[in-house]
Amino acid sequence: MAGVQSVDILIIGGGTAGLTAAIYAVRAGKSALILEAKAYGGQIVNTPDIENYPGMAHVSGFDFATGLYEQAIGLGAKLKYEKALSIEDNGKTKLVKTRRHTYECKAVILATGAKNRTLGLDREEQFTGSGVSYCATCDGSFFKGKTVAVNGGGNTAIEDALYLSDICEKVYVIHRRDEFRGDAADVEKMRARDNIEFILNANVTALIGDQKVEAIEVTDKNTGEKREVKVDGLFIAVGQVPDNIAFENVVELSSGYIAAGEDCKTATPGIFTAGDCRTKNVRQLTTAAADGAVAALAACAYIK
Ligand code: NAP
């Protein structure tokens, strides 16, 4: 087809799952192209210190992602910074369109990950970059010696709180329950820090400030009591939401996630999915990498 570029396996998303899929695809002798809308690496680039990836006691998310990217490209995978806008399923081949190009492939692997969930507060968007952040490693240094709050109780919030407590004077951890969802070992580390104060069973209900965040309103879930907490910044770490609506014509979505089991096969022949974007119970770096391998090998078998 004129003007259409062809590839064996087209991977949508250049995070851990997508890059791992590319490694397995090219090592199996297939051509692989990754389309990535933002930056390679996905969510893990924002993690300051990974302690739970087998064989690596400590590695920064950025170093991990860069190593993975270089490994995939070194083995012959291609990556283009383009957002996949649609997939057309033509049976044996699929057409994937971006704003400027159309790609034809024999199999697609959807590895779109997930994006940050917002709190939906008034002026949350306006204050993003002026006191509101979703990434402690990206923005933490702007708050050196200052007072910040982290909202959330998962691994991201806990890691953010630990990271920020090293550079900020004080860190409030605000969580809607009194138990944390994140790793117990890291919760203990957080509890041992002198400059971390917990506000539990509470939600952030308003952002206060003129041009930037100067304080937040925190509401106790049980009593309804509201208090104003003076902070220079609020780090929101309340989880991720999938972003797969563009592909709902070719795959089934369940609460926004792509429906697939551990075999990473969707109900559509030739369309596979890997990583945080698919229905699964455990969303970890290890399971994203595992999915990448499973999806790529399934795609290779399908092409044969
Ligand atoms: P998460 O595990 O889904 O946790 C989200 C947290 O935000 C939960 O504590 C949740 O409270 C809270 N929350 C959700 N919606 C909220 C709202 N509207 N208002 C207030 N609080 C809200 O998300 P995550 O921490 O970003 O982690 C995502 C995945 O990546 C997880 O599987 C995590 O283990 C993984 N991860 C792994 C690593 C690592 O391996 N080193 C690092 C970071 C993340 P409840 O607990 O009450 O539901």
Side-chain angles (χ1 to χ4, degrees), residues 13 15-17 20 41-65 67-68 111-122 124-125 132-138 140 149-164 172-190 198-207 216-222 226 229 234-243 255-257 274-292:
T16 299
T20 306
Q43 293 170 57
I44 202 63
V45 294
N46 300 325
T47 295
D49 183 23
I50 303 165
E51 269 190 352
N52 58 2
Y53 196 82
M56 292 184 184
H58 291 278
V59 60
S60 77
F62 179 78
D63 286 349
F64 177 85
L68 195 52
T112 53
K115 62 180 183 181
N116 293 321
R117 178 180 283 123
T118 62
L119 291 175
L121 299 174
D122 272 357
E124 185 171 337
E125 205 179 325
V132 169
S133 171
Y134 300 86
C135 175
T137 40
C138 318
V150 175
N151 188 201
N155 279 322
T156 303
I158 296 167
E159 286 182 0
D160 285 0
L162 289 169
Y163 177 76
L164 291 165
Y172 291 98
V173 172
I174 301 160
H175 179 35
R176 65 183 178 182
R177 292 189 296 138
D178 59 4
E179 276 178 20
F180 287 89
R181 182 180 289 275
D183 293 354
D186 285 340
V187 173
E188 283 317 306
K189 280 190 203 165
M190 206 168 47
F198 297 93
I199 305 178
L200 302 178
N201 295 311
N203 284 309
V204 178
T205 42
L207 301 168
I216 51 177
E217 179 192 80
V218 178
T219 304
D220 187 290
K221 257 179 61 186
N222 299 326
K226 292 182 191 303
V229 180
L234 170 66
F235 288 84
I236 298 172
V238 296
Q240 278 83 39
V241 283
D243 188 12
S255 302
Y257 292 96
D276 284 5
C277 65
R278 84 164 170 91
T279 49
K280 55 157 69 186
N281 289 326
V282 182
R283 292 193 170 85
Q284 291 285 304
L285 202 52
T286 43
T287 59
D291 271 14

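When a residue number appears, it is its place in the shown sequence, counting from 1. Order of listing sets the numbers, starting from 1, for every ligand and every atom in it. The basis for the numbers below is simple: all heavy atoms, side chains too, and nothing from hydrogens, waters or symmetry mates.
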Measure the spacing between CD1 of I199 and CD1 of I216 and express it to the nearest 0.5 Å.
6.5 Å
Donor + acceptor pair across side chains of D276, Q240 (<3.5 Å):
no
Looking at ligand 1, is there an atom of it that comes within less than 4.0 Å of some heavy atom belonging to I50?
no
Min N/O separation Q43 to ligand 1 under 3.5 Å:
no
Looking at side-chain heavy atoms only, is the closest gap between Y134 and T118 below 4.5 Å?
yes
For atom 9 (O) of ligand 1, the closest protein heavy atom turns out to be G153 N, 3.0 Å
In ligand 1, which numbered atoms sit nearer than 4.0 Å to a non-hydrogen atom of R177?
45 (P), 46 (O), 47 (O)
d(K226 NZ, T219 OG1) to nearest 0.5 Å is 3.5 Å
Determine whether N116 and I236 make a side-chain contact, defined as any pair of heavy atoms from C-beta on separated by less than 4.5 Å.
no
With backbone taken as N, CA, C and O and side chain as the heavy atoms from C-beta onward, which portion of L285 lies under 4.0 Å from ligand 1: side chain, backbone, both, or neither?
neither
Pull out every atom of ligand 1 sitting under 4.0 Å from any heavy atom of R117, numbered as shown with elements.
14 (C), 15 (N)
For atom 16 (C) of ligand 1, grab the closest protein heavy atom and report residue, atom and distance to one decimal in Å.
R176 NH1, 3.3 Å
Give the atoms of ligand 1, by number and element, whose distance to some non-hydrogen atom of Q240 is under 4.0 Å.
26 (O), 28 (C)
N/O of Q284 under 3.5 Å from N/O of ligand 1, yes or no?
yes
For a 4.5 angstrom cut-off between non-hydrogen side-chain atoms, does F198 reach M190?
yes
Region of E51 engaging ligand 1 - heavy atom pairs below 4.0 Å
neither
Solution key, residues 151-159 side-chain donor-acceptor pairs under 3.5 Å, sequence neighbours excluded:
residue	atom	partner	partner atom	Å
N151	ND2	I174	O	2.8
N155	OD1	D183	N	2.8

Closest by any non-hydrogen atom to atom 1 (P) of ligand 1: pick that one out of K280, H175, K221, R181.
R181
For M56 and V59, work out which heavy atoms get closest and say how close.
SD-CG1, 3.7 Å
protein heavy-atom neighbour closest to atom 36 (N) of ligand 1 works out as N155 CB, 3.9 Å
Using a 4.5 Å cut-off on heavy atoms from C-beta on, say whether the side chain of F180 contacts that of V173.
yes
For atom 43 (C) of ligand 1, which protein heavy atom lies nearest, and how many Å away is it?
T156 OG1, 3.4 Å
So which heavy atom in the protein is nearest atom 7 (O) of ligand 1, and how far is it from that ligand atom?
V238 CA, 3.2 Å
Closest non-hydrogen protein atom to atom 23 (O) of ligand 1, residue and atom name please, with distance?
G239 CA, 3.3 Å
Taking P48's backbone N and O only, do any of them form a donor-acceptor pair with T137's side chain (distance below 3.5 Å, no angle check)?
no
Considering the heavy atoms of L119, write down every atom of ligand 1 situated less than 4.0 Å from one of them.
19 (N)
Please check if atom CG in D49 has more than 12 non-hydrogen atoms from other residues, nucleotides or ligands closer than 6.0 Å.
yes
What residue and atom, counting heavy atoms only, is the protein's closest point to atom 41 (N) of ligand 1, and at what distance?
E159 OE2, 3.0 Å
Side chain, backbone, both or neither: which applies to N52 and ligand 1 if a contact is any heavy-atom pair less than 4.0 Å apart?
side chain
Taking heavy atoms and a distance under 4.0 Å, where does R283 meet ligand 1: side chain, backbone, both or neither?
both
Is the count of non-hydrogen atoms from other residues, nucleotides or ligands lying under 6.0 Å from E51 atom CD greater than 12?
yes
